[in-house]
Amino acid sequence: MAIDLSVIIVNYNVKALLEQTLLSVFKAKQDLSIEVIVVDNCSADQSADMVKAKFKTVILIENQENLGFSKANNQGIKMAQGRHVLLLNPDTVVSEDSFSKTVHFLDQTPNAGALGVRMIDGRGEFLPESKRGLPTPAVAFYKMSGLAKLFPKSKVFGAYHLSYLSEFETNKVDILSGAFMMIKRSVLEQTGYLDEQFFMYGEDIDLSYRIVKVGYDNYYFADTTIIHYKGESTKKHSVNYVKIFYLAMAKFADKHFSKQQGWWFGACIRLAIFVRALLALCFRIFNSSKLFVLDFATIFIGYYGIMRYWEHYNKFVVGGFYPLAYVQWHIPAYILLWLGGVYISGAYKSPFQLNKCIRGVVLGSLMLLSIYALLPEDLRFSRALILLGSVWALLITCINRLLLHVIKYKHFDTNSSQRSQVIIVGDHPEYLRVRDILLQYPNRFKLLGYVQSKSQSDAESLGQLQHLSTLIEIYKANEIIFCAKDVSSQDIMQIMGQAHNSDIKYKIMPEQGAHIIGSNSKNTTGEFYSVDISPALNNPLIKRKKRLFDIGFSFVLPLISICVLFNAKFTLKYWENWWTCLIGKTTWVGYIPTQDKHQLPLIKPAVFNIGQAIKHPLNDEQLMNNMNMVYASNYHWQSDLNCLLNIIINSNKQ
């Protein structure tokens, strides 16, 4: 039987994202005859093993080195047998109707050579790279100069992203995105495959242009939507991205434009690389230092006012005024010491915590007073001013963070913003699967409940899917986790597209998947989360805290005497292992023993595992893997303490 569609996915170290993409691909198969080819570019995260284990029908090509996007796609194209070939990124989720609608459109449109679709990012926002014009020197200049952003509806200035065309209407376009690029096989035979001179970026522009040059049209097809986590807009502040992307544009110009045009375009590109890289660097510096600058300025202004007051009302100031050098050098030095302490205490990291500011200013004041005591007499102006300044520094650093918190969250409750307010969308069995994971971490998540995907809602659910937006508002939810088994990709994308609250985080729990995938902000779109983007136990500081907990728990004799009253078996195991935990050969709490351990950060062998804290026995391998990953991702010493207490209580009831 003839194959309708060959789906080619090039993967490099995005195992969790790839798994979700493949699950959505097979859901979208419907009545079509498709083949799926995954080309793995020597990933180090066992992506290939995952494909072999979970997707037996997938054709897998395992490269022994990273060959780049173009060369790897060409490997897949050469093997493909379909009438149409789809180049698909491994960080996408396709709708159930994506393949049927796009294949039908190509079949019914003789002049169509290829098409792309409407793409949204992980927050539900439209990605402008879904439709693009030819990047001629003039069009590229309008984009790089900012004119395209100032006049998006202009056909002249808005030609790069064709921003004057509606995202909801199908139109002919010049350039398609390689994230989802469906091409007729017959057209590929005329144009040739991807140009392997392009290692990353630019190859989709080059192929799109060649399709037009041989007499076919490219279409932006608006009647289906996909999620593309790693949209271009999320990487624009990366200096490396700026360099690679614009050099690819220069390569495209050298290939397709005249020598005169190519030289002029190349010169503009190199200038753009310098300007954009400088802007990216400035953005990073500003983004990382804006709170420090605010603290410094407000402390300085307040301290200056305190000093002036002290001059006029304190008789101990010789001559009635402090010297100019005191304002120019001493006060800034004092402030830097206070803010140094604030930085060391972690008060420049989210979330805002009052104790960090207090600890930081106290530390800075101790350093300041220690240095002050060593200064010559003529440089020691007033200890009282230092103490008053310390109080002011403490107040204003807390006020600054509280005001920024209110601007962002619209309330004064800092504790509620440290936890995700979660609603799970799915039916009861899948809700329980996600709930069992989240409830292990009460300091990280507040589970509000679940919304059923079916028309009827049971007594336990918050309501029905059609009322989700109202329920989000009522319960003040800031994170939605969709269960892909119960909610279609189309419904997920429709809900994301209709939402107008950019503070809502969306994540998806794939059917039988091991990871929750989503994005938390416009700057992290496209990242993979096992509830958190990077396992906490990969952090040496967090590992040291776990070690300190092991030492501390080894000496908690009063707790052990209480445990004897409840559970002698636990106490016996404690005394059998307390020495090995004390010297660091074992840890009190660790992972559930499973077959799949390669993703988890390494820790010492555990005396107890987190599964023993669950009331009912665990026999689902996937669920146990999920729990291990969440434990590693969100580790806090209280997690171990809660786990041990639950083990004592649960084992006593058995």
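Note that the structure is a prediction, hence the values are computed from the model and not measured.
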Parallel, tilted or perpendicular, as decided by the 30° and 60° cut-offs, for the rings of Phe55 and Phe26: parallel

Contacts of Asp491 that satisfy salt bridge (charged side-chain N to carboxylate O under 4.0 Å, His left out) - sequence neighbours left out: none

Main-chain N/O of Asp174 paired with Asn218 side-chain donor or acceptor, under 3.5 Å: yes

Steps toward side-chain contact (heavy atoms from CB on, under 4.5 Å) verdict (Val425, Cys483): CA-CA 6 Å; Val425 180; Cys483 299; over 6 Å; no

Gln30 vs Glu96 side-chain heavy atoms within contact, under 4.5 Å: yes

For Glu189, side chain to side chain contact (heavy atoms under 4.5 Å, CB included) partners two or more places apart: Arg185, Tyr193

Side chains of Asn609 and Pro593 in contact at under 4.5 Å (non-hydrogen atoms): yes

Reference residue Leu22; test side-chain contact (heavy atoms from CB on, under 4.5 Å); the match among Leu17, Val36, Val7: Val36

Backbone N/O of Ala613 and side chain of Asn646: donor-acceptor pair under 3.5 Å: no

Side-chain heavy atoms of Tyr220 within contact of Leu176, under 4.5 Å: no

Close side-chain approach of Val38 and Val10, heavy atoms under 4.5 Å: no

Pair Ser70-Asn73, side-chain donor/acceptor within less than 3.5 Å: no

Distance-only side-chain donor-acceptor flag, Tyr635 / Asp640, under 3.5 Å: yes

Ser130 and Glu167, any side-chain heavy atoms less than 4.5 Å apart: no

Partners passing salt bridge (charged side-chain N to carboxylate O under 4.0 Å, His left out) against Asp4 (at least two apart in sequence or in another chain): Arg83

Min side-chain heavy-atom separation Leu537-Ile603 under 4.5 Å: yes

Contact check, side chains of Phe180 and Val94, non-hydrogen atoms, under 4.5 Å: yes

Stepwise side-chain contact (heavy atoms from CB on, under 4.5 Å) check, Val422 with Ile481: CA-CA 7 Å; Val422 180; Ile481 300 177; 3.9 Å; yes

Gln190 versus Tyr216, side-chain donor and acceptor atoms under 3.5 Å: yes

Met493 side chain reached by Ile227 side chain, heavy atoms, under 4.5 Å: yes

Expected output: side-chain Lys184 to main-chain Leu106 donor-acceptor under 3.5 Å: yes

Those residues that, when tested against Thr102, pass side chain to side chain donor-acceptor pair (under 3.5 Å) (two or more places apart): none

Contacts of type salt bridge (charged side-chain N to carboxylate O under 4.0 Å, His left out), residue Glu35, not counting sequence neighbours: none

Steps toward side-chain contact (heavy atoms from CB on, under 4.5 Å) verdict (Ile37, Ile77): CA-CA 9 Å; Ile37 302 170; Ile77 293 172; over 6 Å; no

Inter-residue atom distance Thr21.OG1 - Ile9.CD1, 0.5 Å rounding: 6.0 Å

Evaluation steps, side-chain contact (heavy atoms from CB on, under 4.5 Å), between Val451 and Ile424: CA-CA 6 Å; Val451 173; Ile424 299 170; over 6 Å; no

Side chains of Asn11 and Ser43, donor plus acceptor under 3.5 Å: yes

Residues which pass side chain to side chain contact (heavy atoms under 4.5 Å, CB included) with Lys172, listed by chain and number, not counting sequence neighbours: Asn111, Asp217, Tyr219

Any side-chain donor near an acceptor of the partner, Gln20 and Tyr229, under 3.5 Å: yes

Salt-bridge present (Glu203, Lys71; N to O < 4.0 Å): no

Side-chain H-bond candidate by donor/acceptor type, Ser489 with Ser95, under 3.5 Å: no

Spatial distance of atom CG (Asp97) from atom OG1 (Thr224) [nearest 0.5 Å]: 4.0 Å

